[in-house]
There are 2 protein chains.
Amino acid sequence: MQALRSYIDQYTSTTISDADFAQILAAFVVKKLRKRQYLLQEGEVCKYYAFVEKGALRQYTVDDKGTEHIVHFAVENWWTGDRESFIMLTPSRYNIDALEDSQLLLITQAGLQHLLSQVPSFSLMVRELDQRNYIATQKRLHSSISHTAQERYEELMRIHPDFLQRFPQHMLASYLGISPETLSRLRQKVFRE
Amino acid sequence: MQALRSYIDQYTSTTISDADFAQILAAFVVKKLRKRQYLLQEGEVCKYYAFVEKGALRQYTVDDKGTEHIVHFAVENWWTGDRESFIMLTPSRYNIDALEDSQLLLITQAGLQHLLSQVPSFSLMVRELDQRNYIATQKRLHSSISHTAQERYEELMRIHPDFLQRFPQHMLASYLGISPETLSRLRQKVFRE
DNA sequence: TCTTTTCGTTGACATTTAACAAGAAGCGTC
DNA sequence: GACGCTTCTTGTTAAATGTCAACGAAAAGA
């Protein structure tokens, strides 16, 4: 719980009141997920947006050939969920599952709307969050359009060194949009240089 | 001006009051840009976020080899600007220039903050906008990670058929992250199929 | 109108990456 | 500790894509 409070304080650059935080907390439910359990499966509507208190999850699609494509990792103090499905109530294309035993705080669309209209600092936090998400996603998009696979791997090393320790390489490859074999060969090359 | 008003009504699912709209309009200035003129150049801080009333612009980087990488096209009723630079006041990596003679509505960071705190419907509109941007960018990212160049081109045909008419092919290639030659060959193949 | 620039296509070749297959090392589970 | 599963690596071959160069058509500018 404390994690969410620090998070809000940090991203709103304020100190939230106990009353406000109590109201926020009331809109969330705690959910524990064991490794390999799903938060969302393809075809379902995403009913919950989740704040990660502990653990790690991945958001990915599976194509016709059975290959997984990871669009997003969520670790402590990150959010996860399929925003499009959550808002539009459309079936999701994504799967989200736990890579480690995890503890999440879940909020429904109704709960979110309630907080947005009632708690200004929460509203502010969501705006910051969206901005950051948008900027981060745009950066990754730019990277994937204009950089080589090797450059993208080196960028990942710089920006998320923790990911390299925490997730298996074939998942990092999927996240970068390359095959596990290519990543393996790239690593040798980067290492030699 | 009317374009912005319709846009806000549409994305907030409300009808905005004359008073609110007058306040919103007061925060913007009209700017005309002729083809090839810049709204933003690499290294500058992005001082204005822009709503496109008429015309078309592109947001892109130029790499060491002089190759351009287009991350975003903005046409009528779209927004453009480097969000990161605009918020953080950091020098931008991007160039934004007009592909046609264009008319824009510009707003400064101060103007934006003022409206966000004073006009709830504007605030709502910005939230919707951010959400849509985030979702759209995430979709493109997913596409660029998990689809082939040909699939991405076909997707572009489906989602933005107007782009194919409006922008030269080498820019579409840049937007897709492939070389102009590859796009030319892809088109033949798609056409044959 | 004439000239210049931009644009799209095509060919030849190089480079990057994927696909498939095999094997070894590490890990968890029973 | 034995087994099975996951992970990572390596080799080989094929496919996709980039690069360089040339050409002609179209568009823009003078």
Side-chain angles (χ1 to χ4, degrees), chain A residues 34-37 56 58 60-70 73 97-101 143-157 163-193, chain B residues 34-37 55-56 58 60-70 73 97-102 143-157 163-193:
Chain A
R34 305 211 50 186
K35 185 172 175 173
R36 286 169 198 277
Q37 283 188 316
R58 81 228 244 242
Y60 63 99
T61 57
V62 181
D63 68 22
D64 334 311
K65 294 176 190 157
T67 310
E68 296 171 352
H69 303 281
I70 298 176
F73 289 115
D97 65 11
L99 298 175
E100 307 167 0
D101 295 351
S143 189
S144 104
I145 282 173
S146 55
H147 295 166
T148 64
Q150 181 174 339
E151 287 167 335
R152 276 180 286 145
Y153 177 69
E154 287 169 347
E155 198 173 9
L156 181 64
M157 284 177 63
F163 285 8
L164 303 213
Q165 304 307 318
R166 199 162 182 179
F167 306 127
Q169 264 179 50
H170 72 273
M171 290 193 188
L172 299 175
S174 171
Y175 181 78
L176 292 170
I178 59 181
S179 69
E181 294 93 336
T182 298
L183 181 56
S184 173
R185 291 178 175 116
L186 240 43
R187 278 168 52 84
Q188 295 177 59
K189 209 177 147 208
V190 170
F191 196 69
R192 279 203 310 273
E193 283 171 5
Chain B
R34 306 213 50 187
K35 185 172 174 173
R36 287 170 198 276
Q37 284 188 315
R58 80 226 246 242
Y60 63 99
T61 57
V62 181
D63 67 22
D64 334 312
K65 294 176 190 158
T67 310
E68 297 172 351
H69 302 280
I70 299 176
F73 289 115
D97 65 11
L99 299 175
E100 307 167 0
D101 295 350
S102 301
S143 189
S144 103
I145 283 174
S146 55
H147 294 168
T148 64
Q150 181 173 340
E151 287 167 333
R152 280 181 330 224
Y153 177 68
E154 288 169 346
E155 198 173 9
L156 182 64
M157 286 176 64
F163 285 8
L164 302 212
Q165 305 306 318
R166 199 162 181 179
F167 306 127
Q169 263 178 52
H170 71 273
M171 290 193 188
L172 299 175
S174 170
Y175 181 77
L176 292 171
I178 58 181
S179 70
E181 294 93 337
T182 298
L183 179 56
S184 174
R185 292 178 174 115
L186 241 42
R187 278 169 51 84
Q188 295 177 59
K189 207 177 148 209
V190 170
F191 195 68
R192 280 202 309 274
E193 284 171 3

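Within every chain, numbering begins at 1; the chains are lettered A, B, ... in the order of the sequence lines, protein sequences first and strands thereafter. Below, each value reflects all heavy atoms present in this structure, side chains not excepted, and no hydrogens, waters or symmetry copies.
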**Asked** Does the side chain of Thr182(B) get closer than 4.0 angstrom to OP1 or OP2 of dT17(D) through an N or O atom?
**Response** no
**Message:** Please verify the inter-ring angle class for Phe167(B) with Phe73(B); under 30° counts as parallel, over 60° as perpendicular, anything in between as tilted.
**Reply:** parallel
**Request:** Please report, rounded to the nearest Å, how far the P atom of dG28(C) is from the CD atom of Glu100(A).
**Result:** 13 Å
**Asked** What's the NZ-P distance between Lys35(B) and dA27(D), to the nearest Å?
**Response** 11 Å
**Rounded distance in Å - CD (Glu151(B)) to C1' (dA18(C))** = 14 Å
**Prompt:** Could you state the CD-C1' distance from Glu68(B) to dC7(C), rounded to the nearest angstrom?
**Reply:** 14 Å
**Asked** Where do Ile178(B) and Leu186(B) land on the side-chain contact (heavy atoms from CB on, under 4.5 Å) test, with the steps shown first?
**Response** CA-CA 10 Å; Ile178(B) 58 181; Leu186(B) 241 42; 4.0 Å; yes
**Item:** Side-chain donor/acceptor contact of Glu181(A) with base of dC8(D) under 3.5 Å
**Value:** no
**Prompt:** Think Ser184(A) has a side-chain N or O under 4.0 angstrom from the OP1 or OP2 of dC8(D)?
**Reply:** no
**Request:** Give a yes/no answer on whether the side chain of His170(A) brings an N or O atom under 4.0 Å of OP1 or OP2 in dT6(D).
**Result:** no
**Message:** Please classify the nucleic acid contact of Gln188(B) as base, sugar-phosphate, or nothing, using heavy-atom distances under 4.0 Å.
**Reply:** sugar-phosphate
**Complete:** Checking dT17(D), dT19(D), dT17(C) against the side chain of Thr148(B) (C-beta onward), the nearest is dT17(D)
**Asked** Over how many whole Å does the gap from Phe191(B) atom CZ to dT9(C) atom C1' extend?
**Response** 15 Å
**Asked** To the nearest angstrom, how far is Leu186(B) atom CG from dT10(C) atom P?
**Response** 13 Å
**Asked** Are Gln169(B) and dT9(C) close enough that a side-chain N or O sits under 4.0 Å from OP1 or OP2?
**Response** yes
**Request:** In whole angstrom, give the distance that lies between atom CG of Asp63(A) and atom C1' of dA18(C).
**Result:** 13 Å
**Complete:** Heavy atoms of Ser174(B) and His69(B) approach each other most closely as OG-CA, 3.4 Å
**Message:** Any base atoms under 4.0 Å from Leu183(A), or only sugar-phosphate, or nothing? Heavy atoms, all strands.
**Reply:** nothing
**Complete:** Judged by nearest nucleotide, the residue sitting upstream toward the 5' end of DNA chain C, Pro168(B) or Arg152(A), is Pro168(B)
**Message:** Suppose we call a contact any N or O donor and acceptor under 3.5 Å apart; does that hold for the side chain of Arg185(A) and the base of dG11(D)?
**Reply:** yes
**Asked** What closest approach, in Å, do Gly55(B) and Ser102(B) show between heavy atoms, and which atom pair accounts for it?
**Response** CA-OG, 3.4 Å
**Request:** Have a look at Asp97(B) and tell me which of Arg34(B), Lys35(B), Arg58(B) forms a salt bridge (charged side-chain N to carboxylate O under 4.0 Å, His left out) with it.
**Result:** Arg58(B)
**Message:** Between P on dA28(D) and CZ on Arg36(B), what's the gap in Å once rounded to a whole number?
**Reply:** 10 Å
**Asked** Want to settle it: does Arg187(A) or Ala149(B) sit nearer the 5' end of DNA chain D, counting the closest nucleotide to each?
**Response** Arg187(A)
